[in-house]
Amino acid sequence: MRILSGIQPSGTIHIGNYFGMIKKMIESQDDGELFAFIASYHALTSVKDKEFLQRNTFEAAVNFLSLGMDPEKSTFWVQSDVPEVLELYWILSNHTPMGLLERGHSYKDKTSKGIKANHGLFSYPVLMAADILLFDSNIVPVGKDQIQHVEMTRDIANTFNNTYGDILTMPELKVDTDVQSVPGTDGAKMSKSYGNTIDMFGNKKVIKKQVMKIITDSTALEEPKEWENCNVYTLCKLFMNDSELLELQNRYETAGEGYGHFKLTLLNKINEHFAPYNDKREYYLNNPNEVKEILAHGASKAQKIAKEKMKIIRDAVGLSY
Ligand code: ADP
Ligand code: TRP
């Protein structure tokens, strides 16, 4: 069973990305053959700054490797190191009705906000379909925001197969219902674009500042407090076991401590959780050539499969003669 997933290198990763996606991706290495890539071509739809894209691509690789991506067991590469995907993207474009793309949520959201969409953003789902179909992926684990893209992939594969025969493998969606949306420091969904994120790695002072910024109600120190809907408590749930949570609930219900104390508890938990990965991360940050070698090795494994599949597809559509 082949599992495929990608992440865009479009900013610093936060604990929402970690619990929503990265952790699951790393764990899925035990469930099947994982194909994971850094979606650098996709990031071009929003990133127009060369150094920013380069830095984020490298950092995404370092973070994944530090968190447990195993480049021997899995195939881990940067999307643009296997440009065969662009050939498939073009071929699939000819099996993608305009109406299908016009119904795309992310394109519709952006244009309704007055953002001028370019062709890259409009055709983004076709490139995602190419990512999935090029590697005969069986399962694509996605969050809610990506469901439509996998459904589009199935539609495109169907049209193609109806024309040329059973060439493309139909991917199954795997939507994780137990992953709730991780709230940000303002209580809304944590997202790079809302400025409400909490980092996993990096400067401890920055992480402390982010945690201290979490919005709470203004119950006084000497009053008991409600934990049910408190953002600090909700974030603590990601890091604590049942008995730690019970203890925290007691602290909320017993007067005498303020939200500042609970935030420090959360901060300690965050630092404790990611500490084991920090040494590895430092190592990779200081050995960029090793990271590049790992990515080159991943790209060559992925490219071998991509070339074989493209040969079959080129033959099927009549590009070989
Ligand atoms: P952002 O909203 O910060 O730009 P992305 O859209 O790049 O994040 O998301 C990358 C991955 O992380 C996706 O799989 C997405 O579902 C997941 N993710 C992002 N934010 C959250 C969150 N607050 N809670 C759970 N998962 C999230
Ligand atoms: N569009 C995905 C995101 O923004 C990233 C992605 C690109 C992807 N190609 C993919 C995810 C193929 C799964 C499969 O999160």
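No experiment lies behind these values; they were computed from the predicted model shown.
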Roughly how far, to the nearest 0.5 Å, is the [atom2] atom of [Y] from the [atom1] atom of [X]?
X    : Y    : atom1 : atom2 : value
K174 : I139 : NZ    : CD1   : 6.5 Å
L34  : M1   : CG    : CE    : 10.0 Å
E253 : W227 : CD    : CH2   : 7.0 Å
I13  : Q8   : CD1   : CD    : 14.0 Å

ring-ring contact (aromatic ring centres under 6.0 Å, His included) involving F274 - partner list, sequence neighbours excluded: Y18, F201

Check: F19 ring centre within less than 6.0 Å of F239 ring centre: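 Yes: the rings meet the under 6.0 Å criterion.
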
is_close_aromatic(Y107, Y124), centroid dist under 6.0 Å: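 So the answer is no for these two rings.
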
Qualifying residues under salt bridge (charged side-chain N to carboxylate O under 4.0 Å, His left out), relative to R251, sequence neighbours excluded: E257

Would you confirm whether [X], through its side chain, and [Y], through its main-chain N or O, come within 3.5 Å as a donor-acceptor pair?
X    : Y    : value
K309 : L134 : no
D166 : N161 : no
S80  : Y41  : no
Q303 : V82  : no
N231 : T216 : no
E244 : N241 : yes

Are [X] and [Y] packed together at the side-chain level, in the sense that at least one heavy-atom pair is separated by less than 4.5 angstrom?
X    : Y    : result
L92  : L168 : yes
M170 : N158 : yes
N138 : E33  : no
L127 : Q79  : yes

Salt bridge R154-E172, side-chain N to carboxylate O under 4.0 Å: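 Yes, R154 and E172 are salt-bridged.
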
D315 and K311 ion-paired at < 4.0 Å: yes

F122 and H119 aromatic ring geometry - parallel, tilted or perpendicular at 30°/60° bounds: tilted

Parallel, tilted or perpendicular, as decided by the 30° and 60° cut-offs, for the rings of Y164 and H95: perpendicular

Shortest non-hydrogen separation from [X] to [Y] and the atoms involved:
X    : Y    : value
P224 : T219 : O-CG2, 3.5 Å
Q29  : K73  : O-CE, 3.4 Å
M25  : G6   : CE-N, 4.3 Å
H149 : S106 : NE2-OG, 4.0 Å

Y233 and Q249: side chain donor to acceptor below 3.5 Å: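 A pair is found: one side chain offers a donor N or O, the other an acceptor, under 3.5 Å apart.
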
Residues Y277 and N63: side-chain donor-acceptor under 3.5 angstrom: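 Judged by distance alone, the side chains do not pair up.
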
For residues 52-61, which side-chain N or O atoms pair as donor and acceptor with protein atoms under 3.5 Å away, sequence neighbours left out?
from	atom 1	to	atom 2	distance (Å)
N56	ND2	F52	O	2.9
T57	OG1	L53	O	2.7

